[in-house]
2 protein chains.
Amino acid sequence: MSFIPLQPDLPLGSPHERSDAARNRERLLSAARELVDEFGAEALTMDALACKAKVGKGTVFRRFGSRAGLMMTLLSDAESDFQRAFMFGPPPLGPGASPADRLTAFGEGRIYFVLENGELLKAAGAATRNRFDVPATKLSHRHMEVLLREAGIADPWVMAMSLTYALDPERIVDDVRVRGISPKRLTDSWRDVVARLMRTT
Amino acid sequence: MSFIPLQPDLPLGSPHERSDAARNRERLLSAARELVDEFGAEALTMDALACKAKVGKGTVFRRFGSRAGLMMTLLSDAESDFQRAFMFGPPPLGPGASPADRLTAFGEGRIYFVLENGELLKAAGAATRNRFDVPATKLSHRHMEVLLREAGIADPWVMAMSLTYALDPERIVDDVRVRGISPKRLTDSWRDVVARLMRTT
């Protein structure tokens, strides 16, 4: 169901998955999301999930392979929802709005996405040697590059990379949780950056 | 001699250091810089430095405490030269030019500084839990914040943070060495970003 599995060999659901298996998977993921929302990503263990979802621990391991696999699946599902929205959803995030409006909506959406999934993103980022190797980050970069090119930026690849780093999960989470910056200040500044970068006059 | 010792208890030279001791320190640091230039930061060991500078190993340990202390001293010296240039040096990097010209020169200088000192910066960054905790990074942020405020940006603190992340050493080193982007493309794009962010019409 995910556009971009964060690890190619994850036991993700396939379109041919039997419907009761799909329902079980969805039930386990809902329970996992509730655990993360309530107690943070650190509290999400295979034991806690089995207990919460009222299934045997073996079921949880068969489904996700490992705790890391479970975290990646959760994040991948959330990423794919966001990806679907900016690639195919309604404007201004999806197609149909101006590049500037789409880029504004993209950054705002990304900031809130990071704040909702910060602990999972941190876990995923810590698991990769290079933060840019995360497939979702590459797709974000590609999306921004296309919008910047449409707006006539001379080197959209490099500018998109600068903006990708400005939306770095570690930066967003630390600004809000460590340095006490409100999410609204981050989205207001993003809006200002995009307006200034992309104005045509 | 350094504005910002990267660790407060580093055995840095003081103004009252006896001149022969200062000469010895400078000779050791030159030898260390040559080793890094020739073989990379990984080759810089206390043994190699003692051998290169033709002194006893004990002298090297008395002077720098440890290999980490030596690395931090090297980086701190390089950072303080760059800091002196943007705080007190000639325009456009130093005072006397417009905020836009100073910010352009700052980013260009920073990109080349990172490429020259990439391995030391990586070692320093890996040693801190949060990359923003590096004092030189805080001073860079503060400098950009002041220039953005002079240019009338609504929230210069947050925008400076976005730009600080765009100049992230890991990003710059990986763009050039892993992804094959030329330094000139990075400085051209930085120039374009600053021109667009700070134009007044």
Side-chain angles (χ1 to χ4, degrees), chain A residues 100 107 110-111 122 125-126 128-133 137-138 141 144-145 148 151-201, chain B residues 100 107 110-111 122 125-126 128-133 137-138 141 144-145 148 151-201:
Chain A
R110 191 74 199 159
I111 287 165
K122 237 180 194 174
T128 57
R129 247 171 52 87
N130 183 326
R131 288 168 303 154
F132 193 72
D133 284 342
T137 305
K138 288 190 183 172
H141 173 261
M144 292 202 277
E145 182 190 0
L148 292 168
I153 296 294
D155 194 338
W157 193 97
V158 173
M159 195 183 284
M161 190 63 97
S162 300
L163 295 178
T164 301
Y165 269 75
L167 293 177
D168 183 83
E170 185 184 330
R171 176 259 164 116
I172 292 170
V173 169
D174 284 352
D175 269 3
V176 172
R177 299 202 187 147
V178 180
R179 298 186 272 273
I181 305 300
S182 69
K184 185 170 181 306
R185 272 183 72 186
L186 293 184
T187 55
D188 282 352
S189 182
W190 175 261
R191 184 178 287 274
D192 191 25
V193 164
V194 173
R196 287 171 180 274
L197 288 179
M198 292 173 99
R199 63 187 161 181
T200 47
T201 50
Chain B
R110 191 73 199 162
I111 288 166
K122 236 179 195 175
T128 57
R129 245 171 53 87
N130 184 326
R131 287 169 304 155
F132 193 73
D133 284 342
T137 305
K138 288 189 184 171
H141 174 261
M144 292 202 276
E145 183 191 359
L148 291 169
I153 297 294
D155 193 339
W157 193 97
V158 173
M159 197 184 282
M161 190 62 97
S162 300
L163 295 178
T164 301
Y165 269 74
L167 293 177
D168 184 83
E170 185 185 332
R171 177 258 165 117
I172 292 169
V173 169
D174 284 352
D175 269 3
V176 172
R177 300 203 185 145
V178 180
R179 297 186 273 272
I181 305 299
S182 69
K184 186 171 181 304
R185 272 184 72 187
L186 293 185
T187 55
D188 282 350
S189 182
W190 174 261
R191 184 178 287 274
D192 190 24
V193 165
V194 173
R196 288 171 180 272
L197 287 179
M198 293 173 98
R199 62 187 161 178
T200 47
T201 51

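Order of the sequence lines fixes the chain letters, A, B, ..., with proteins taken first and strands second; residue numbering starts at 1 for each chain.
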Next on the checklist: With a 4.5 angstrom heavy-atom cut-off, is it the side chain or the backbone of B:Asp188 that approaches chain A, or both, or neither?
Outcome noted: neither
Item to check | Residues forming a side chain to side chain donor-acceptor pair (under 3.5 Å) with A:Ser189, sequence neighbours excluded | outcome: none
Item to check | Flag if over 12 foreign heavy atoms under 6.0 Å of CZ, A:Arg191 | outcome: no
Checklist entry - Residues in side chain to side chain donor-acceptor pair (under 3.5 Å) with B:Arg177, at least two apart? => result none
Next on the checklist: Go through it in stages, so that I can follow the logic: the residues are A:Trp157 and B:Asp175, the test is side chain to side chain contact (heavy atoms under 4.5 Å, CB included), and I'd like the CA-CA distance, side-chain angles, deciding distance and then a yes or no.
Outcome noted: CA-CA 11 Å; A:Trp157 193 97; B:Asp175 269 3; 4.0 Å; yes
Checklist entry - Checking heavy atoms, do the side chain of B:Leu197, its backbone, both or neither come under 4.5 Å from chain A? => result both
Next on the checklist: Could you report the tightest heavy-atom contact between A:Arg199 and B:Arg196, atom names first, then the distance?
Outcome noted: NH2-O, 3.6 Å
Checklist outcome for this item: When every non-hydrogen atom of B:Val158 is compared with those of A:Arg171, the smallest separation belongs to O-NH2, 3.3 Å
Checklist entry - In terms of heavy-atom pairs under 4.5 Å with chain B, which of A:Asp192, A:Val193, A:Leu163, A:Leu167 leads? => result A:Val193
